[in-house]
Amino acid sequence: MNDADNTYNGETTATQPLEERVNNRSQRPSSDAFKAFMASNWAPSAHELPDRDAVADHAAARRRAISGLFKGERLVVPAGPLKVRSNDCDYRFRPHSGFAHLTGLGLDHEPDAVLILEPVPEGTGDDGGNHRATLYFRPLAGRDTEQFYADSRSGEFWIGARPTLAEFERRLGLATAHIDQLELAITKNVGAPEIGGISIRLVRKVDDNIDALVDTARYNTAKDPDNLDLGVLDALDEKLTEALSELRLLKDPWEIEQMKIAVAATVEGFAEVVKALPRALTHQRGERVVEGAFFARAREEGNELGYDTIAASGNNATVLHWTRNTGKVNAGELLLLDAGVEADSLYTADVTRTLPANGTFSDIQRKVYEAVLDAADAGFAAARPGTKFRDIHTAATTVLAERLAEWGLLPVSVEEAISTEGQQHRRWMPHGTSHHLGLDVHDCAQAKRELYLDGVLTPGMVFTIEPGLYFKNEDLAIPAEYRGIGVRIEDDILMTADGPVNLSAALPRKADDVESWMAGIYQEADHA
Ligand code: GLY
Ligand code: MN
Ligand code: MN
C-alpha cells in the first residue's frame with residue numbers, strides 16, 4: 001500500500017520520535033509553496049444533499065425510548081476508534097452496535113464519532129422526550145486543507161470523500177457537530193446533581209479516549225475526589241449498556257427487512273460454496289477455498305462477514321469454533337459451514353449447513369444428521385409467542401438425549417441426562433441452542449437473564465435455532481463409526497404473532513433435499 005508523509009523538520013532522525021518514523025519512507029516537501037499548490041485548484045465538493053434515510057424515524061424512536069429511561073442525565077455513546085491491525089494498517093472500521101442502532105449508521109461510519117443525548121427539561125426534547133441528540137464526528141475536510149491530501153486515515157485524497165455535517169444531518173434527521181466540540185460537550189457542567197451538575201452515563205470500553213475523558217471529568221468535579229469510587233460510576237454506566245442491549249431484543253420492521261437482506265445474501269453465499277466444492281476437494285487447504293467462496297459473496301452483496309466463517313471438514317467439524325480453516329476437504333467427509341453475511345446496515349445472518357463433501361450422505365452421517373434435524377424441528381415447534389426462550393433448548397436437547405440413548409451412547413437414562421445435574425449429552429452438544437441475532441451475531445448479550453434466557457418469546461424477536469452433535473476422533477466413549485462426524489443445522493428465526501418464521505428456509509434442511517440441491521447446482525454448472 002501507499003503511505004502518507006510528514007517530512008521530519010530537517011533534523012537528524014536519531015532524535016525523531018518513533019511514532020513519526022513511520023513517515024520516513026515518504027519524500028513529501030514541507031514548504032509553504034508545496035502546501036499551497038497541493039491544496040489549490042480542486043473542484044468544489046458536490047453540494048447536493050441526499051434524502052433522509054429510511055432508518056431515520058426508527059432510530060429516532062429508539063433514542064426516544066432510551067431518553068425515557070435516563071431523564072436528566074447526559075448519555076454518551078461512542079462509535080469507537082480505528083483499530084490497528086499492524087503498524088500503520090488499520091482493520092476495516094466497524095462502529096459499536098449500540099451506536100449503529102441509535103444513529104442508524106452502518107458501513108464504516110464513523111471512526112471516533114460519538115452520539116450524545118443531552119438532557120433537557122422533561123418533555124421538551126426530541127420527539128417530546130427528555131434529551132436532544134447530537135452526533136459529533138470528523139466531517140469531510142475541504143479540498144483546500146492539508147487534511148485533504150496529507151492525512152492517510154481521514155483525508156479524501158487517501159480514503160475517499162467522507163460525510164459532511166449537513167449530509168449526516170439530512171440523512172439521519174439528527175443534529176450534527178464537529179468533533180472538535182466533543183470534549184466540551186462531554187465535560188461541560190459535569191457534577192453532582194444536587195449542586196446543579198449533570199451526571200453522565202457512558203457506554204464504556206468502546207473508546208479508551210472517551211472513557212478517560214469521562215473519568216477525568218468525574219474526578220475533577222467530584223465533591224471528594226480522593227474518595228471517588230469509580231466502580232460505583234462504572235455500575236451506572238453499565239445500566240446504559242444494558243438498556244441499549246435490551247432495546248434490541250425486539251426488532252422494528254426496518255431491522256427485520258435488514259435481517260432478510262442479510263439472510264438472502266447468505267443463502268447465495270452457501271450456493272457459491274457448493275459451486276466451489278469440486279475445487280475445494282482438490283486443494284490442500286480446501287477449507288480455505290470454501291471460506292473464500294463465501295467471503296466473496298459477503299463483500300459483493302454486503303459489508304462483511306458477521307463473524308469469522310467456520311469451514312470445517314471431517315473431524316474439524318467437531319471443533320466448535322474452527323475458524324483456522326486450514327484443513328483439506330475430503331470426499332466422504334461432512335463439511336460444516338457456519339457463515340453469515342453482514343449487510344451494509346451491519347445486521348448479520350448466522351446460518352449453518354452440514355453438507356456431504358461429495359454430495360451424498362453415508363448411512364451413519366445421515367443417521368446423525370437426521371437426529372440433529374429432528375432436534376432443530378423440536379426447537380422450532382417449542383418456539384411460540386408466550387413460551388420461554390429456554391424452552392427451545394430443552395426441546396432440542398431432549399431429542400438429542402433420546403437419540404444418544406437409542407444408539408447406546410448415553411451412560412445414563414434420558415431423564416437423568418436432561419436433569420439439571422445430569423446433562424451427560426452435553427459431551428456431544430456442549431453449546432446453547434439459541435441466541436438473539438441482529439447487529440451482533442450474539443445480539444443483546446448484555447440483557448438481563450430474565451429478559452434473555454428466562455425471557456418470553458415475543459413477536460419481533462430474531463434468534464437462531466442451532467442444535468448439533470459433535471463426535472470427536474479422540475472420543476473413546478463412542479464406537480469408532482461415529483468418530484470424526486460433526487453436524488450442526490442453524491436457522492435464523494423471526495417470531496411473529498402467528499408463530500416462528502424460518503428466515504433461512506430457502507436453504508434445504510432435510511438430508512434428501514440437501515443432496516438434490518447440491519446435485520442441481522452441479523447440473524446447472526454443467527449446462528452453463
Ligand atoms: N457462528 C456463531 C454461532 O453460531 O453462534
Ligand atoms: Mn449462532
Ligand atoms: Mn453460527
Side-chain angles (χ1 to χ4, degrees), residues 94 97 245 248-249 251 259 262-270 273 287 290-291 293-295 297-298 302-313 316-325 334-343 346-355 369 372-373 375-377 379-380 382-383 389-390 392-393 395-397 400 426 428-447 452-453 457 461-470 486-495 500-509 514:
R94 186 199 191 275
S97 296
S245 209
R248 306 205 319 253
L249 283 165
K251 271 63 182 176
M259 289 305 308
V263 172
T266 299
V267 169
E268 288 181 18
F270 273 67
V273 165
E287 291 174 348
V290 167
E291 177 188 323
F294 187 85
F295 183 65
R297 263 302 145 117
N303 181 55
E304 247 290 357
L305 302 167
Y307 54 93
D308 286 342
T309 296
I310 298 170
S313 194
N316 289 342
T318 71
V319 180
L320 296 178
H321 287 174
W322 177 256
T323 53
R324 201 175 290 142
N325 302 343
L334 291 180
L335 171 74
L336 184 155
L337 174 63
D338 183 342
V341 173
E342 178 185 80
L346 308 179
Y347 287 78
T348 188
D350 177 13
V351 175
T352 307
R353 289 293 182 267
T354 307
L355 310 172
Y369 185 92
V372 174
L373 184 62
D377 288 346
F380 197 78
F389 191 84
R390 60 161 64 250
I392 303 172
H393 180 70
T397 51
L400 294 177
R426 289 187 79 97
W428 301 288
M429 159 62 182
H431 58 76
T433 304
S434 297
H435 56 80
H436 281 271
L437 184 65
L439 281 164
D440 290 330
V441 60
H442 297 156
D443 213 34
C444 314
Q446 286 79 36
Y452 199 123
L453 196 57
L457 293 173
M461 286 183 170
V462 176
F463 52 87
T464 65
I465 296 182
E466 51 175 307
L469 281 173
Y470 312 93
V487 174
R488 176 164 64 254
I489 302 170
E490 176 174 26
D491 283 290
D492 299 344
I493 310 298
L494 166 67
M495 185 53 74
V501 173
N502 185 353
L503 298 176
S504 42
L507 280 177
R509 300 168 75 248
V514 169

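Atoms within each ligand, like the ligands themselves, are counted from 1 in listed order.
Of the charged side-chain nitrogens involved, none lies within less than 4.0 Å of a carboxylate oxygen, so that Asp308 and Arg324 do not count as a salt-bridged pair.
Just one residue in the list Asp338, Thr323, Thr348, Asp440 forms a side chain to side chain donor-acceptor pair (under 3.5 Å) with Tyr307, and that residue is Asp338. Screening Asn502, Val501, Thr464 for a side chain to side chain contact (heavy atoms under 4.5 Å, CB included) involving Asp492 leaves a single residue, Thr464.
No donor-acceptor pair closer than 3.5 Å links the side chain of Arg297 to the backbone N or O of Val273.
Classification of the Phe294-Phe270 ring pair by plane angle, with boundaries at 30° and 60°, yields perpendicular.
Of all atoms in ligand 1, listed by their number and element, those nearer than 4.0 Å to a heavy atom of His435 are 3 (C), 4 (O), 5 (O). The ligand atoms of ligand 1 that sit less than 4.0 angstrom from a heavy atom of His442 are 2 (C), 3 (C), 5 (O). Interface of Glu490 with ligand 1, defined as ligand atoms under 4.0 Å from a residue heavy atom, comprises 4 (O).
Interatomic distance, His435 NE2 to Ile465 CD1, rounded to the nearest 0.5 Å: 11.0 Å.
Looking at atom 3 (C) of ligand 1, its nearest protein heavy atom turns out to be Asp350 OD2, 3.3 Å.
For the 3.5 Å distance criterion, the side chains of Ser504 and Asp491 qualify, holding a donor opposite an acceptor.
Taking each of Val351, Asp338, Leu320 in turn, the one with a heavy atom nearest to atom 1 (N) of ligand 1 proves to be Asp338.
With the Mn ion (ligand 2) as the vertex, OD2 (Asp350) and NE2 (His435) define an angle of 90°, rounded to 10°.
Closest to the Mn ion (ligand 2) among the N, O or S atoms of Glu466 is OE2. Looking at Glu490 and the Mn ion (ligand 2) together, the shortest N, O or S contact belongs to OE2.
In terms of N/O distances under 3.5 Å, ligand 1 is not approached by Arg488.
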